[in-house]
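Numbering starts at 1 and runs along the sequence shown.
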Amino acid sequence: MSNLLILPGHPLFDVTLASTAPPGWQKVAAQDDQAWFVVQPGSAGLLTPVSLARLDEYTEDGEWEARMQEMGDDTELEELGDSNADTGEMDGFPISW
């Protein structure tokens, strides 16, 4: 299956996204000792590795809300269980690949 290109719409697309680290995550992790993942609006659900500073921009500059609207989800960032609305900080969780 290594020669198969799986694009959005393919039956294995979502499973592949959920089980594969996105390209470039090692570079981001090497710079900051950690990597966060976001889904950019208009990216068909593809994860993008980002630094903590870029994650802050993503949540503060409206990209989070744009992605939620694409998905038809009206959840506010403050409603998430692990967010801290008072300080604007978000808790993360480790993912091992």
With the 4.5 Å side-chain cut-off for hydrophobic clustering, are Met71 and Val38 part of the same group? yes

Nearest heavy-atom contact between Ala35 and Trp25 is CB-O, 4.0 Å

In this structure, CE of Met68 is separated from CD of Glu63 (nearest 0.5 Å) by 12.0 Å

Correct closest heavy-atom pair for Tyr58 and Val39 would be OH-O, 2.6 Å

Between Leu47 and Phe37 the two heavy atoms that sit nearest each other are CD2-CB, 4.1 Å

* To do: Taking atom CG of Asp61 as the centre, report whether more than 12 heavy atoms of other residues, nucleotides or ligands fall under 6.0 Å from it.
  => yes

For Gly24 and Pro49, the nearest pair of non-hydrogen atoms, with its separation, is C-CG, 3.7 Å

One should read off an interatomic distance between Leu4 CG and Leu12 CG, to the nearest 0.5 angstrom, of 7.5 Å

Criterion side chain to side chain contact (heavy atoms under 4.5 Å, CB included) on Val50 and Val28, from CA distance to verdict: CA-CA 6 Å; Val50 297; Val28 173; 5.7 Å; no

Note: Gln40 and Thr48 closest approach over all heavy atoms is CG-OG1, 3.8 Å

To the nearest 0.5 Å, atom CZ of Arg54 lies from atom CG of Asp32 at 13.0 Å

So CD of Gln26 and CD of Gln31: to nearest 0.5 Å the spacing works out to 12.0 Å

Quick check: do Ser51 and Trp36 have side-chain heavy atoms less than 4.5 Å from each other? no

Value for CG (Leu55) from CD (Glu60), rounded to nearest 0.5 Å, stands at 9.0 Å

